[in-house]
Amino acid sequence: MPSAADEFALKRWAAHGYESDPASLGDTGSWLQLNERDLTDLEQPVLPDGFRFRTADEAGPEAAVRAHLDAWAPSAYTAESYQGVRQTAGYRGDLHILVEAPDGTMASSTIMWLDEANRTAEFEPVGTHPDYRRLGLARAMLLHGMHRARAAGATHMTVACLGAPGHPQARGLYYSVGFREFTRDAPLIKTRSSERRR
């Protein structure tokens with residue numbers, strides 16, 4: 001599954017009989033779209049009353065794991081899984097953002113991965129507890145995160161989402177904070193007709 005921006009790879013795959021996969025590219029396909037934006041002209045984040053931003057450094061590992069499990073249930077994520085994430089070279093607890101609800105629930109969370117050499121950062125993953133969706137938490141968290149990424153030296157931000165028309169939610173969220181499509185997966189298959197043509 002090369003990127004649509006990778007013209008060299010696409011030509012090589014085509015030379016080996018691969019062509020676009022129409023099933024994957026349908027309304028409910030599972031291909032990813034990579035979105036980008038620069039970090040100028042950032043809107044200020046606004047949370048509902050009683051909610052506040054936290055970092056994983058502040059909230060601790062248990063809260064970070066619980067936020068992940070609540071957002072992506074069912075999930076096999078564990079404290080050990082998170083320990084592995086924390087040991088990844090690019091992980092920074094101060095760039096792992098959570099939104100805490102008035103009752104103490106970590107209602108939304110995201111990790112930002114900073115590439116200092118290229119001055120870019122990526123949101124991955126981004127999720128919200130089902131009971132706290134449609135409150136603007138993820139939007140505020142992304143804006144807050146971009147301010148923190150800029151303060152850490154980033155000038156550019158990326159985030160991926162499902163790109164097919166049948167999956168508009170995440171794409172709409174990212175567009176609402178200034179992201180736009182940069183490139184997308186180009187799902188390929190080798191069909192019998194393409195094999196016969198060779």
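Proximity of a side-chain donor or acceptor of Ser20 to a complementary backbone N or O of Pro22 within less than 3.5 Å is not detected. Judged by distance alone, the side chain of His147 and the main-chain N or O of Pro45 form no donor-acceptor pair under 3.5 Å. For Thr88 (side chain) and Val85 (main-chain N/O), a donor-acceptor pair under 3.5 Å exists by modelled atom type. Remark: side-chain polar atoms of Trp113 are not paired, donor with acceptor, to backbone N or O of Phe123 under 3.5 angstrom.
Separating the OG atom in Ser3 from the CZ atom in Phe182 is a distance of 7.0 Å, to the nearest 0.5 Å. One distance of note links CG of Asp38 with CE of Met146; it measures 10.0 Å at 0.5 Å rounding. Distance check, rounded to the nearest 0.5 Å: CZ of Arg180 to CD of Gln33 gives 10.0 Å. Within the model, atoms CG of Asp185 and OG of Ser24 stand 9.5 Å from one another, a figure rounded to the nearest 0.5 Å. Between the CD atom of Glu19 and the CH2 atom of Trp13 there is a distance of 14.0 Å, given to the nearest 0.5 Å. The distance from atom OH of Tyr175 to atom CG of Leu173, rounded to the nearest 0.5 Å, is 12.0 Å.
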>> side-chain contact (heavy atoms from CB on, under 4.5 Å), that's the test. Do Arg148 and Asp94 meet it? Break it down for me.
In response: CA-CA 9 Å; Arg148 290 187 73 96; Asp94 65 320; 3.8 Å; yes

> What's the verdict on side-chain hydrogen bond (donor to acceptor under 3.5 Å, both in side chains) for Asp57 and Thr55, showing C-alpha distance, side-chain angles and the deciding distance?
Replying inline: CA-CA 5 Å; Asp57 281 348; Thr55 68; 5.0 Å; no

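No side-chain heavy atom of Leu188 sits less than 4.5 Å from a side-chain heavy atom of Asp21. The shortest side-chain heavy-atom distance between Val65 and Thr78 does not fall under the 4.5 Å cut-off. For the pair Arg86 and Pro61, the minimum side-chain heavy-atom distance is below 4.5 Å. A heavy-atom distance below 4.5 Å is found between the side chains of Trp31 and Leu25.
Paired with Met141 under the rule side chain to side chain contact (heavy atoms under 4.5 Å, CB included), one option of Val177, Leu47, Thr110 passes, and it is Thr110.
Surrounding CD of Glu116 are at most 12 heavy atoms belonging to other residues, nucleotides or ligands under 6.0 Å away. Heavy-atom contacts from other residues, nucleotides or ligands closer than 6.0 Å to CD of Gln83 number more than 12.
Connection of Val126 to Leu114 is established within a shared hydrophobic cluster, with ILVMFWY side chains joined at heavy-atom distances below 4.5 Å, either directly or through further cluster members. In the hydrophobic cluster analysis, where Ile, Leu, Val, Met, Phe, Trp and Tyr join through side-chain heavy atoms closer than 4.5 angstrom, Leu143 is grouped apart from Ile111. Using a 4.5 Å cut-off between side-chain heavy atoms of Ile, Leu, Val, Met, Phe, Trp and Tyr, with links allowed through other members, Tyr174 and Leu32 fall into different hydrophobic clusters.
Considering all non-hydrogen atoms of both residues, Leu69 and Tyr77 come closest at CD2-O, 3.3 Å. Closest approach of Met112 and Ala149 over heavy atoms only: SD-CB, 4.1 Å. Between Phe51 and Leu135, the shortest heavy-atom distance links the atoms CZ-CD1, 4.2 Å.
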Would you give me the side-chain donor-acceptor pairs under 3.5 Å for residues 4-12, sequence neighbours excluded?
unit_1	atom_1	unit_2	atom_2	d
Asp6	OD1	Ala9	N	3.1

Tabulate below the donor-acceptor pairs under 3.5 Å that side-chain atoms of residues 150-164 make, not counting sequence neighbours, or state none.
unit_1	atom_1	unit_2	atom_2	d
Arg150	NH1	Leu39	O	2.9
Thr155	OG1	Arg119	O	3.3
His156	ND1	Thr120	OG1	3.2
His156	NE2	Glu36	OE1	2.7

Distance-only criterion, 3.5 Å: show the donor-acceptor pairs between side-chain atoms of residues 96-108 and protein atoms not counting sequence neighbours.
unit_1	atom_1	unit_2	atom_2	d
His96	ND1	Tyr91	OH	2.8
Glu100	OE1	Arg52	NE	2.9
Glu100	OE1	Arg52	NH2	3.0
Glu100	OE1	Arg54	NH1	2.7
Asp103	OD1	Thr105	N	2.9
Asp103	OD1	Thr105	OG1	2.9
Asp103	OD1	Tyr132	OH	3.4
Asp103	OD2	Thr105	OG1	3.3
Asp103	OD2	Tyr132	OH	3.0
Ser108	OG	Gly127	O	3.1
Ser108	OG	Thr128	OG1	2.8

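Taking the six-membered ring where tryptophan is involved, the planes of Phe53 and His144 are essentially parallel, since the angle between them stays under 30° and well short of 60°.
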